[in-house]
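Taking it in order: structure first as structure tokens, then the write-up.
Labels below follow one simple rule: chain letters A, B, ... track the order of the sequence lines, proteins then strands, and each chain is numbered from 1. Quick note: numbers below take in every heavy atom, side chains included, and nothing from hydrogens, waters or symmetry partners.
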Protein chains: 2
Amino acid sequence: MTGDGTQRFGVLTEMSGFLLSLAQAHVYRLDEALDTLEGLTTAQLSVLTVIHENPGIRHGEVAEMLMIKLAYMTKLLKGFEASGWVERRSDPADRRAIHLSLTPAGQGVVERTLPVLLAHDAARPNGLTPREMGQMKRLLAKYLELPVTEQP
Amino acid sequence: MTGDGTQRFGVLTEMSGFLLSLAQAHVYRLDEALDTLEGLTTAQLSVLTVIHENPGIRHGEVAEMLMIKLAYMTKLLKGFEASGWVERRSDPADRRAIHLSLTPAGQGVVERTLPVLLAHDAARPNGLTPREMGQMKRLLAKYLELPVTEQP
DNA sequence: TATTGTTATACTCTATAACTATA
DNA sequence: TATAGTTATAGAGTATAACAATA
């Protein structure tokens, strides 16, 4: 690389969409080195975590929370079911709806891998101080209008 | 949707990687409604903008700045060349290297579409006050260790 | 030997639309 | 008629690796 470090992003650095996209690419690139998640992608682990946190949640609710297409959720869940991690049962009151929950095996996967990802996330290199990182996470959660987690 | 709004993200909201990923999905979803970019994706417009800001920049340098795979850059640039937007010329001093610049047509595209995306970005709905948005953008740029833009 | 860029393949995820079955 | 989920197809973008040309 012969770059002299003077490249300009121009007005791109004023655009939240661009910055978020690049930050996501940065995270994604570093997370690809993470080989300790038992073959799961971070997206897959997010789905399992949401089911873990909300046993009985509906198929479509998970998709909405994580902004995943319903069509792709079907594919993901099919894989999880084949792995024996997720159970689906239809709602007797509305037989279109499907409620999801983790099997003991699925809970085991989440309980083993989530702490690994959490530690990795906390240690991922970036240009912020710990205080600034806390600030950024709060702003991102507010940006997304996420429900406040009241964790003791 | 029968959700009662009590779904929990659990520890996911503590993870910068998850928050960035979800924020990016949020942006992406809303940007898909943007049909005024002359058929460009935001990623493609980013590439054109970087070439616009750095005439003569090398192929690989653009890829590194935008965290795009070199192999995919080749594909993108082939399309841009076919559209008559980008010119490639090889470096006489290092005949492996390829320097990029916009044609007048390419400059026209950037000058028409970039302001549209900029306005769209500024108006994109989110949970932050304008002051918080400024803060978030500053933190994201620092997170990414982007060169400071000294725009007058 | 290392670097720049090209080509090809497989994979993840998205967009879209047609479809079934319920409500 | 509208909603929950399924299936299939096309496309964007990534990872990977083999390759050619040049340094």
Side-chain angles (χ1 to χ4, degrees), chain A residues 1-3 18 21-22 24-35 37 39-47 51 56-82 86 88-100, chain B residues 1-3 18 21-22 24-35 37 39-47 51 56-82 86 88-100:
Chain A
M1 198 60 59
T2 62
F18 172 76
S21 180
L22 201 56
Q24 156 62 6
H26 172 78
V27 165
Y28 184 68
R29 178 166 292 195
L30 295 181
D31 284 0
E32 282 304 302
L34 237 188
D35 256 337
L37 295 185
L40 289 172
T41 65
T42 53
Q44 290 168 339
L45 184 49
S46 298
V47 171
I51 300 174
I57 193 170
R58 271 194 315 96
H59 189 129
E61 288 177 317
V62 178
E64 191 185 34
M65 283 177 76
L66 296 178
M67 296 187 213
I68 291 173
K69 285 279 137 189
L70 211 54
Y72 187 56
M73 272 292 295
T74 298
K75 215 179 205 175
L76 276 182
L77 287 174
K78 201 170 283 187
F80 290 153
E81 220 180 355
V86 168
R88 302 146 53 97
R89 75 192 146 64
S90 69
D91 187 329
D94 180 349
R95 295 197 343 266
R96 295 170 305 181
I98 293 178
H99 296 277
L100 305 170
Chain B
M1 200 58 59
T2 62
F18 172 76
S21 179
L22 201 57
Q24 157 63 6
H26 172 79
V27 166
Y28 185 68
R29 179 167 291 192
L30 296 180
D31 284 359
E32 282 304 302
L34 238 189
D35 257 337
L37 296 186
L40 288 173
T41 65
T42 52
Q44 289 168 340
L45 184 48
S46 299
V47 172
I51 300 175
I57 193 170
R58 271 194 315 98
H59 188 129
E61 288 176 318
V62 178
E64 190 184 35
M65 282 177 78
L66 297 178
M67 296 188 213
I68 292 171
K69 286 278 136 188
L70 211 54
Y72 187 55
M73 273 292 295
T74 297
K75 212 179 205 174
L76 276 181
L77 287 174
K78 200 170 283 187
F80 291 153
E81 218 180 357
V86 168
R88 302 146 52 98
R89 76 191 144 68
S90 68
D91 188 329
D94 179 348
R95 294 195 346 264
R96 295 170 304 178
I98 294 178
H99 295 277
L100 305 169

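The interatomic distance linking Lys75(A) (NZ) with dT14(C) (C1') rounds to 11 Å, in whole Å. As a whole-Å value, the separation of Glu64(A) CD from dT3(D) C1' is 13 Å. Across the protein-nucleic acid pair, Leu100(B) atom CG and dG5(C) atom C1' stand 11 Å apart, rounded to whole Å. Between the CE atom of Met73(A) and the C1' atom of dT12(C) there is a distance of 16 Å, given to the nearest Å. One atom, CG of Leu77(A), and another, P of dA4(D), lie 16 Å apart when rounded to the nearest Å. When the P atom of dA15(D) is taken as reference, atom CE of Met67(B) falls 11 Å away, rounded to whole Å. Atom NE2 of His26(B) and atom P of dC13(C) are 21 Å apart (whole Å). Leu45(B) has its CG atom 16 Å from the P atom of dA12(D), to the nearest Å.
Taking side-chain N and O atoms only, Arg88(A) has no distance below 4.0 Å to OP1 or OP2 of dA4(D). Contact annotation: Tyr72(A) side-chain N/O to dT14(C) OP1/OP2 distance is not under 4.0 Å. For dT7(D), one of the phosphate oxygens OP1 or OP2 lies less than 4.0 angstrom from a side-chain nitrogen or oxygen of Lys78(A). For dG13(D), one of the phosphate oxygens OP1 or OP2 lies less than 4.0 angstrom from a side-chain nitrogen or oxygen of Thr41(B). Residue Arg29(B) has no polar side-chain atom (N or O) positioned under 4.0 Å from OP1 or OP2 of dA15(C).
Every side-chain contact (heavy atoms from CB on, under 4.5 Å) that Ala63(A) has, sequence neighbours left out, goes to Leu70(A), Met73(A). Checked against ring-ring contact (aromatic ring centres under 6.0 Å, His included), His59(A) has no partners two or more places apart in sequence or in another chain.
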All N/O contacts under 3.5 Å from nucleotides 16-22 of chain C to the protein, with atom names and distances to one decimal?
from, atom 1, to, atom 2, distance (Å)
dT22(C), OP2, Arg95(A), NH2, 3.4
dT22(C), O2, Arg96(A), NH1, 3.4

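Tyr28(A) is not listed as a side-chain neighbour of Thr41(A), based on a closest heavy-atom distance of 4.5 Å or more. Side-chain atoms of Phe80(B) and Leu100(B), non-hydrogen and from C-beta on, never get closer than 4.5 Å to each other.
Of the candidate nucleotides dG5(D), dG13(D), dT14(C), dT14(C) has the atom lying nearest to any side-chain atom of Ile68(A).
The two atoms that bring Ile51(A) and Leu77(A) nearest to each other are CD1-CD2, 4.3 Å, heavy atoms only. Closest non-hydrogen pair, Leu22(B) versus Met65(A), comes out as CD1-O, 3.9 Å. Considering all non-hydrogen atoms of both residues, Ser90(B) and Arg95(B) come closest at CB-O, 4.4 Å. Closest approach of Ala25(A) and Met67(B) over heavy atoms only: C-SD, 4.0 Å.
Residue contacts for Ile98(B): at a heavy-atom cut-off of 4.0 Å it reaches the sugar-phosphate backbone alone, with no base atom in range.
Judged by closest nucleotide on DNA chain C, His99(B) is the one of His99(B) and Leu66(A) placed further toward the 5' end. For the pair Leu70(A) and Tyr28(A), both in contact range of DNA chain D, the more 5′-proximal nearest nucleotide belongs to Leu70(A). Each of Pro92(B) and Thr74(A) lies near DNA chain D, and the nucleotide nearest Thr74(A) is the one positioned closer to the 5' end.
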